[in-house]
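In what follows, a structure is listed as structure tokens, so that the remarks can point back to it.
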Amino acid sequence: MKKQKRVIVGLSGGVDSSVAAYLLKEQGYEVIGLFMKNWHDDSVTISDECPWLDDSNDAMLVADKLSIPFQTVDLSEQYKERIVDYMFKEYESGRTPNPDVLCNREIKFDVFMKIALDLGADYVATGHYCRKGVIEKNGDSIYQLLSGVDTNKDQSYFLCQLSQQQLAKALFPIGELTKPEVREIAAKLDLVTADKKDSQGLCFIGKVRLPDFLQQQLKPKEGVIVEVPETNVNYNEQINNFDSKVKELEFKSRKLKYAMTDGKVVGKHQGAHFYTKGQRKGLAVGGTVEPLFVIDTDVKENVIYTGQGKSHPGLYKSALFISNNELHWIREDLALQAGETMSVQARIRYRQPLQQAILHKVESGLYVEFNEPQSAITEGQFAAWYQDDELIGSGVIS
């Protein structure tokens, strides 16, 4: 008799991981449910919306219903160290982090995975809408991260930092299903999570208001909001005949430098580090023809630069750069060498439709050059690139 393979499912108390656990059981795996407790501090959660306690309760009820063993692991120390501290550091330096991408790389598929493997698991499973493929190349198995069948819910982007070692041990049971199908299965099984709203908030911290959360660590300090007109000289720099492609890419991906003299003061804010490029809400400046969007923040001088309307030239760039130390290939076998290029589809944020782009590898890193200018390319966020429905690499926008 073949020994049953053991899978540990990260039960989050949501509908997706609940159904993932059920499907694995149906497929004949020995399934164990594990709830990760990543946060204790209830002072920043929105009190009437259940924080982790309700979630762990729901996870327990689901495990009970599916008659699978269940336990809770407390990862709050590692979470604080690897996710929360990183977020504060990034915000303070004027970058905008993506805690969800990091949480998958550092917590779910690292700390959590190690615990699972120590418990004798063959695999770790999550309720992500994505799929895993495997191909043979020169006698080796290479794992692929494929987008979920439900294009509306595809979450491959959040897993863009996983490695071959992590993918080898990962299972994504609901990747072949759509969200309505997942809810239908949960309803049939009468799972307590069937109608539960999708969680919005930091992965696993519960429903957290980001500014409240940040304000605990980053002290508010008043500064000014400057509105920069579309006619700013910054936008008239002509693209000259560059003597090399690299010079052209450097120009296209450059960060525009703004000064107070570039516009007029239109309001005040409580800290430039609470704002991110492309942001429209929370500026509280009225009286403009079109709404104001953040086009840049200067955390040293504590100034927010804004422009009117979503077609303001300050929001758009057609290329971005990723330095070598922040460049990651899921498909290491496809990694580019300096001087090589590759045609891909890329996105710079979750849920953005894929954009046609060309990767250019240079000595110091990688340029992603888009066919169409992109709005609000934000330092600190992840760019991810695909070939067809396979996510092959990603990196932090510098």
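Positions are given from 1, in the same order as the sequence printed here.
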Is it true that [X] and [Y] have a side-chain N and a carboxylate O under 4.0 angstrom from each other?
X	Y	result
R95	E326	yes
K114	D110	yes
D298	K300	no
E30	K25	no
K361	E340	no
E237	R254	yes
D195	R183	no
E248	K245	yes
D154	R351	no
E290	K310	no
D122	K169	no

Connected via hydrophobic side-chain network under 4.5 Å: [X] and [Y]:
X	Y	result
V192	M60	yes
L189	L177	yes
L119	V111	yes
L117	M36	yes
L167	W385	no

Rounded to the nearest 0.5 Å, what separates atom [atom1] in [X] from atom [atom2] in [Y]?
X	Y	atom1	atom2	result
F35	F112	CZ	CZ	10.5 Å
T96	I397	OG1	CD1	9.5 Å
I68	Y22	CD1	OH	13.0 Å

Can you tell me if K264 has over 12 outside heavy atoms packed within less than 6.0 Å of its NZ? no

Take atom CG in D118; do more than 12 heavy atoms of anything else shown fall under 6.0 Å from it?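 Above 12, so yes.
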
Starting from the C-alpha separation in whole Å, work towards a yes-or-no answer on side-chain hydrogen bond (donor to acceptor under 3.5 Å, both in side chains) for Q161 and S394. CA-CA 7 Å; Q161 286 278 297; S394 68; 2.8 Å; yes

Do you see a donor-acceptor pair shorter than 3.5 Å between the side chains of [X] and [Y]?
X	Y	result
E181	T178	yes
Q355	Q374	yes
Q352	R347	no
Q345	Q387	no
D140	N138	no

Would a 4.5 Å heavy-atom cut-off, applied to side chains only, mark [X] and [Y] as touching?
X	Y	answer
V303	M260	yes
V9	T126	no
V344	M342	yes
V31	L66	no
Y386	I392	no
E227	I295	no
Q144	V134	no
H269	Y275	yes

Once the angle between the rings of F172 and H128 is folded into 0 to 90°, is it parallel (under 30°), tilted (30 to 60°) or perpendicular (over 60°)? perpendicular

Parallel, tilted or perpendicular: which fits the ring planes of Y123 and Y29, with parallel below 30° and perpendicular above 60°? perpendicular

So S398 and E379, side-chain hydrogen bond (donor to acceptor under 3.5 Å, both in side chains) or not? Walk me through it. CA-CA 5 Å; S398 45; E379 295 96 49; over 6 Å; no

Aromatic contact between H312 and Y235, with the criterion being ring centroids under 6.0 Å apart: yes or no? yes

Is the F251-F242 ring centre distance short of 6.0 angstrom?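 Ring-ring flag for F251/F242: true, centres closer than 6.0 Å.
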
Closest contact, heavy atoms only, [X] versus [Y]:
X	Y	value
E90	G380	OE1-CA, 4.0 Å
A63	F70	CB-CB, 3.6 Å
L334	W329	O-CZ3, 3.9 Å
Q71	L34	CG-CD1, 2.8 Å

Can you name the one residue among K197, K196, K37 that meets salt bridge (charged side-chain N to carboxylate O under 4.0 Å, His left out) with D55? K196

List for me each residue that meets side chain to side chain donor-acceptor pair (under 3.5 Å) alongside N302, sequence neighbours excluded, and say none if there are none.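 Expected list: none.
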
For the pair D296 and K257, evaluate salt bridge (Lys or Arg N to Asp or Glu O under 4.0 Å) and give the outcome as yes or no after the intermediate values. CA-CA 9 Å; D296 202 13; K257 294 270 183 277; over 6 Å; no

The test is side-chain hydrogen bond (donor to acceptor under 3.5 Å, both in side chains); show your working for T193 and S18 and say whether it passes. CA-CA 7 Å; T193 53; S18 309; 3.0 Å; yes

Kindly indicate, with the supporting measurements, whether the criterion side-chain hydrogen bond (donor to acceptor under 3.5 Å, both in side chains) is fulfilled by Y129 and D16. CA-CA 8 Å; Y129 286 87; D16 299 330; 2.8 Å; yes

